Peer 1: 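Please see the structure below; I have some questions.
A quick note: this is a predicted structure, and the numbers were derived from the prediction, not measured. The figures here come from the full heavy-atom set of this structure, side chains too, leaving out hydrogens, waters and symmetry mates.
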Amino acid sequence: MTNLDEARALLREFPVVDGHNDLPWALREKSGYDLDRLDIAGHQHEHLHTDIPRLRAGGVGAQYWSVYVPAEHPDPVAATLEQIDCVRQLLDRYQADLAPALTAADMEAARAEGRIASLMGAEGGHSIANSLGTLRGLHALGVRYMTLTHNSNVDWADSATDTPKADGLTAFGREVVREMNRIGMLVDLSHVAVSTMRDALDTTSAPVIFSHSSARAVCDHPRNIPDDVLERLPANGGMAMVTFVPKFVLQAAVDWTAAADENMRAHGLHHLDTGAEAMRIHRAFEERTPRPVATVSVVADHLDHMREVAGIDHLGIGGDYDGTAFTPDGLDDVSGYPNLLAELLERGWSRADLAKLTWQNAVRVLGAAEDVARDLQSRRGPSHATIESLDG
């Protein structure tokens with residue numbers, strides 16, 4: 001049996017829980033959420049990394065669908081609700097393959113049925129508009145993690161890619177974390193500043209996640225996790241889910257991306273735009289300046305380092321498919337996970353290690369957050385704090 005055969009066999013028993021996939025926003029941008037125009041049941045679609053046949057080929061058993069909206073959106077709460085509605089449409093339309101999931105037990109039930117457990121994560125605290133009531137509303141609608149920031153600061157937390165303002169979390173930001181603990185919503189520390197990571201770990205009573213981040217010691221990008229934070233995951237019980245985005249995992253790609261982003265801005269486009277015109281401009285830039293290509297081996301280097309620092313019990317996978325213009329060779333779309341596992345087998349990772357990486361750690365962390373929430377709810381009710389009352 002080859003390593004690839006062994007990887008596929010393992011995934012049949014312990015499929016991938018992927019921490020972050022931006023298909024809902026891609027569907028909004030490319031079809032206005034019209035699933036008749038962009039049906040993911042069958043053939044591959046240009047500029048999409050995700051469809052059901054490729055999820056099946058990749059051995060995906062659970063997916064956190066990102067209900068992301070841009071921080072600059074004029075009505076982020078309404079747009080987040082539209083994203084949630086998109087996920088619900090997917091679940092209604094593809095019931096044979098996608099199973100709604102709110103709990104760790106739901107994830108295990110979906111695995112037993114051979115369906116893909118579908119959870120939701122909100123990407124950026126701007127989605128709650130400084131309101132703990134809105135936070136609770138998103139949880140009631142099924143959102144099971146919230147990334148505290150996206151690429152820009154929010155009023156109560158600093159982002160990794162913005163000018164520091166709060167030096168981490170404000171008093172209201174710490175209250176957001178405590179209320180997330182109380183309702184059982186995972187605190188996601190991807191995208192946040194290191195100061196925010198540390199403040200959140202100081203505040204939380206439940207495990208945290210990094211839904212799609214890699215190791216800063218391997219690739220020095222502010223979106224990645226420094227070793228001192230990785231070292232805190234065992235005591236916290238949380239997990240870091242490695243991402244595949246080339247500009248976060250390959251140093252040469254970091255430098256190239258900075259130049260490519262500047263080229264996009266020079267054409268009057270947002271650097272994260274993945275529309276047809278934006279991709280045309282990207283391709284023209286790449287013809288002039290060849291893009292450094294990340295590989296499966298580069299991603300495995302991050303996982304080797306993260307396992308050494310945080311331990312195997314605190315790792316997972318968060319590819320960020322359909323949220324990135326480029327992917328590593330061998331991880332071109334959601335069918336590529338077996339290639340990563342084959343590389344890790346080649347490096348001596350055991351079957352038990354891989355089962356934790358793909359399935360067991362993510363299920364454990366969500367279950368632990370549920371346990372904390374039950375305990376906290378037995379001792380206190382909802383917080384009615386406001387940003388004005390805590391931050392002035």
Peer 1: State which residue, out of V176, V187, L186, fulfils the side-chain contact (heavy atoms from CB on, under 4.5 Å) condition with M146.
Peer 2: V176
Peer 1: Would you say S190 and S213 are linked by a side-chain donor-acceptor pair, where the criterion is simply a distance under 3.5 Å?
Peer 2: yes
Peer 1: Decide, yes or no, whether a salt bridge links D85 with R88 under the criterion of side-chain N to carboxylate O below 4.0 Å.
Peer 2: no
Peer 1: Less than 6.0 angstrom separating the ring centers of F285 and W256, yes or no?
Peer 2: yes
Peer 1: Kindly work out whether a path of hydrophobic side-chain contacts (I/L/V/M/F/W/Y, heavy atoms less than 4.5 Å apart) joins V17 to L344.
Peer 2: yes
Peer 1: Taking atom types as modelled and ignoring hydrogens, do the side chains of T2 and D5 form a donor-acceptor contact shorter than 3.5 angstrom?
Peer 2: yes
Peer 1: Under a plain distance cut-off of 3.5 Å, with no hydrogens placed, do N130 and W156 share a side-chain donor-acceptor pair?
Peer 2: yes
Peer 1: For Y64 and Y145, take the angle between the two ring planes, folded into 0 to 90°, and tell me which bin it lands in: parallel under 30, tilted 30 to 60, perpendicular over 60.
Peer 2: tilted
Peer 1: Which residue is it: H20, H73, H191, H212? I am looking for the one with a ring pair (Phe, Tyr, Trp, His ring centres under 6.0 Å) to H150.
Peer 2: H191
Peer 1: Just jot down the salt bridge (Lys or Arg N to Asp or Glu O under 4.0 Å) partners of E179, sequence neighbours excluded, or say none.
Peer 2: R136, R182
Peer 1: Is it the case that the side chains of T295 and D329 hold a donor-acceptor pair, with the cut-off being a distance below 3.5 Å and no angle test?
Peer 2: no
Peer 1: Mind jotting down which residue pairs meet the salt bridge (Lys or Arg N to Asp or Glu O under 4.0 Å) criterion with at least one end in residues 274-289? Sequence neighbours excluded, please.
Peer 2: E277-R280, E286-R291
Peer 1: Do the charged groups of D227 and R216 touch, with an N to O distance under 4.0 Å?
Peer 2: no
Peer 1: I'd like to know whether D304 forms a salt bridge (Lys or Arg N to Asp or Glu O under 4.0 Å) with R347, so could you lay out the CA-CA distance, the side-chain angles of the two residues, the decisive distance to 0.1 Å, and finally the verdict.
Peer 2: CA-CA 9 Å; D304 277 343; R347 295 178 180 217; 2.7 Å; yes
Peer 1: Going by atom types alone, do Q89 and Y94 pair a side-chain donor with an acceptor below 3.5 Å?
Peer 2: no
Peer 1: Kindly indicate whether a cation-pi arrangement holds for R223 with F248, taking the cut-offs as under 6.0 Å to the six-membered ring centre and within 45° of the axis.
Peer 2: yes
Peer 1: So, S383 versus E175: side-chain donor-acceptor pair below 3.5 Å or not?
Peer 2: yes
Peer 1: Side chains of S211 and D188: any donor to acceptor distance under 3.5 Å?
Peer 2: yes
Peer 1: Between D320 and T243, do the side chains contain an N or O donor and an N or O acceptor separated by less than 3.5 Å?
Peer 2: no
Peer 1: Determine, step by step, whether D375 and R379 satisfy the salt bridge (Lys or Arg N to Asp or Glu O under 4.0 Å) criterion, reporting the C-alpha distance in whole Å, the side-chain angles of both residues, the deciding distance to 0.1 Å, and the verdict.
Peer 2: CA-CA 7 Å; D375 175 62; R379 295 190 279 117; 2.7 Å; yes
Peer 1: Using atom types as modelled and distance alone, determine if a side-chain donor or acceptor of T196 lies under 3.5 Å from a backbone N or O of D158.
Peer 2: yes
Peer 1: Can you get from F244 to L4 by hopping between Ile, Leu, Val, Met, Phe, Trp and Tyr side chains that sit under 4.5 Å apart?
Peer 2: no
Peer 1: Using only heavy-atom distances, determine whether the side chains of S159 and N153 contain a donor-acceptor pair under 3.5 Å.
Peer 2: no
Peer 1: Between R93 and D36, does at least one N-O distance fall below 4.0 Å, as a salt bridge requires?
Peer 2: yes
Peer 1: Can you pull the salt bridge (Lys or Arg N to Asp or Glu O under 4.0 Å) pairs that have at least one residue in residues 6-26, sequence neighbours excluded?
Peer 2: E13-R351
Peer 1: Please check if the side chain of Q83 supplies one atom and the backbone of Y68 the other of a donor-acceptor pair under 3.5 Å.
Peer 2: yes
Peer 1: With clusters defined by side-chain heavy atoms of hydrophobic residues (ILVMFWY) lying less than 4.5 Å apart, directly or transitively, does V143 cluster with L376?
Peer 2: no
Peer 1: With salt bridge (Lys or Arg N to Asp or Glu O under 4.0 Å) as the test, would you mind laying out the steps for R174 and D202 before giving the verdict?
Peer 2: CA-CA 9 Å; R174 290 189 288 274; D202 289 342; over 6 Å; no
Peer 1: Within 45° of the six-membered ring axis of W349 and under 6.0 Å from that ring's centre, is NZ or CZ of R307 located there?
Peer 2: yes
Peer 1: Taking only Lys NZ, Arg NE, NH1 and NH2, and the carboxylate oxygens of Asp or Glu, determine whether D313 and K356 approach each other closer than 4.0 Å.
Peer 2: yes
